[in-house]
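Quick notes on the structure that follows.
Predicted model only: the values in this text are computed from it and were never measured.
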Amino acid sequence: MKTVQDILYKVSVEGVLGTTSNAVSGIYFDSRDVRIDSLYVAQKGEIFDGHNFIYQAINNGAKTIVCEEFPDVIIEGIVYVLVLNSSKALGTIAANFYDNPSQNMILVGVTGTNGKTTIATLLYELFSKEGFVTGLLSTVKIAYGRKKFENHHTTPDAVTLNKYLHKMLDAGVSHCFMEVSSHGINQNRIEGLVFSGGIFSNLTHDHLDYHRDFKTYRDVKKIFFDSLPKTAFALINLDDKNGKYMLQNSVAKKYTYATKQDADFRVKTLECEFTGMLLKIQSFDVWTTLVGNFNAQNLLSVYATADLLGLSSLSILRGISELKSVEGRFHVFQSVDKITVVIDYAHTPDALFNVLSTINMIRTRNENLITVVGCGGNRDQDKRPVMGEKAVLLSDKVIFTSDNPRDEDPAIIISDMIKGVPPEHYKKAIKVTLREEAILMAGQLAKPGDIVLIAGKGHEKYQEIKGKRNHFSDLEIAKKTFLNTD
């Protein structure tokens, strides 16, 4: 069992009260979870201040307290460690407690607004097919070997991250691919991790309810690349104007990929249809079942990363040709009467635009495109009218409905989206508050040959309403509606 001194390695300590030779049984930052002889880290959050729960943590068995200010009453037998930033200290402490697993594997982080889940998951699948024992930390799941676990945060907390990385290392994992969210960076959840590479996909309007403005959001993403070591690579999407900015001040080895301009790695779409695309990656032609320019970019980043990690071009291309679409990302099926249904996680203006543009590029225009879309509650309100505008401009009919309303009235969220609809397109817009009813209405409106896009929730198996997560799956409802399955 490690001692306090062991797990304080590389932590900027301002002061200590008590002995650091005490053994530590576990690391906690929620006082309710604390166990006997454990260490509690008091963090100052947006809503709660962990310093207010120090005594509760001690009552639950904590013997070591890490804090930014000593409590008024010092209890004998308890070790108090003073630090400047508790959340940063937590990352390093968690890494030390779990034997710094990221130092002993190839850990690649993927950041950006859209594409993180797809890129990380495809890399996980590709390297698994090549015979590597591979790990995945994504929005959809945490996986390694044959083990899979649900994940409710794009980037888990520092303790959870290091715990799973430690388990992966014990299971023989050599490569791990993980999503790195702006929240995770800003809240120091990746502090203490050692990355072998970082990938930047793109940056568009999202999470401005949290980051206040786009510049802050962008600068938080940049922190990830600024922190990469010299031994790591930084791979950025040159088609995004923020790509070059991410490389400023980074000491990592710099590489670029693009579809529209010269870069270290290039891709061109030769053919595109609902069943897949023919791509030219570098000088090689490859067929993939993934669809859309955004997926061409995603696959190019996968190719580039695999190349930088030492796989041969032939192995990478063979793997790409066998990869399937990630759950809830441009998932396509067709009804008996030839209605094409697309389910996608698109929940930002840019993602919705990309999906609708892809559909419009493939379609014949002899059919109708019906879109079912909503926006989440208690989140960035500014994107709602933008989503509404893009939906009606690129669709023949739009059914505005709820997504995860959380604590907001779904009708108000829908009204915010309708504000972006130009008056000349009002006739295209329909309001159906209940999401299941909206999907059923799309089924009633669609005729043979039409296309239905159900956007916003993708892989999610729940709908969050008033603090409760109720089971809900767009795919299940869509199959019941268009395939008559129970």
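With sequence neighbours left out, the side chain to side chain donor-acceptor pair (under 3.5 Å) criterion links N295 to N298. For D49, the side chain to side chain donor-acceptor pair (under 3.5 Å) test picks out H51, with sequence neighbours left out. Remark: Y257 pairs with no residue by the ring-ring contact (aromatic ring centres under 6.0 Å, His included) rule, at least two apart or across chains. S415 is linked by a side chain to side chain donor-acceptor pair (under 3.5 Å) to nothing, counting only residues two or more places apart in sequence or in another chain. Not counting sequence neighbours, the partners of F195 by the ring-ring contact (aromatic ring centres under 6.0 Å, His included) test are F224. The side chain to side chain donor-acceptor pair (under 3.5 Å) search around N96 returns N100, not counting sequence neighbours.
Residue pairs meeting the salt bridge (charged side-chain N to carboxylate O under 4.0 Å, His left out) criterion with at least one partner in residues 4-31, sequence neighbours excluded, are D30-R32. Here salt bridge (charged side-chain N to carboxylate O under 4.0 Å, His left out) pairs that include residues 91-107, with residues two or more places apart or in two chains, are K2-D99. Residue pairs satisfying the salt bridge (charged side-chain N to carboxylate O under 4.0 Å, His left out) criterion with at least one member in residues 192-201, sequence neighbours excluded, are absent. Residue pairs meeting the salt bridge (charged side-chain N to carboxylate O under 4.0 Å, His left out) criterion with at least one member in residues 226-251, sequence neighbours excluded: K222-D226.
Just one of L161, L165, V108 meets the side chain to side chain contact (heavy atoms under 4.5 Å, CB included) condition when paired with M178; it is L161.
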Could you give the side-chain donor-acceptor pairs of residues 65-80 under 3.5 Å, partners two or more places apart or in another chain?
residue, atom, partner, partner atom, Å
E68, OE2, S86, N, 2.9
E69, OE1, K44, NZ, 3.2
Y80, OH, I75, N, 2.9

Can you give each donor-acceptor pair under 3.5 Å made by side-chain atoms of residues 132-148, sequence neighbours left out, with the distance rounded to 0.1 Å?
residue, atom, partner, partner atom, Å
T134, OG1, F132, O, 3.1
S138, OG, V140, N, 3.2
S138, OG, K141, N, 3.1
S138, OG, K141, O, 3.0
T139, OG1, T154, OG1, 3.2
T139, OG1, E179, OE1, 2.9
T139, OG1, E179, OE2, 3.2

### Task
Run the numbers on R435 and D474 for salt bridge (Lys or Arg N to Asp or Glu O under 4.0 Å), then give the verdict.
CA-CA 9 Å; R435 192 172 181 89; D474 280 354; 2.9 Å; yes
#### Entry: Verdict with reasoning, N188 to S87, per side-chain hydrogen bond (donor to acceptor under 3.5 Å, both in side chains)
CA-CA 6 Å; N188 301 302; S87 61; 2.7 Å; yes
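Taking the six-membered ring wherever Trp is involved, the centroid distance between the rings of Y345 and H459 falls below 6.0 Å.
Counting only N and O atoms by type, the side chains of S31 and N60 include no donor and acceptor under 3.5 Å apart.
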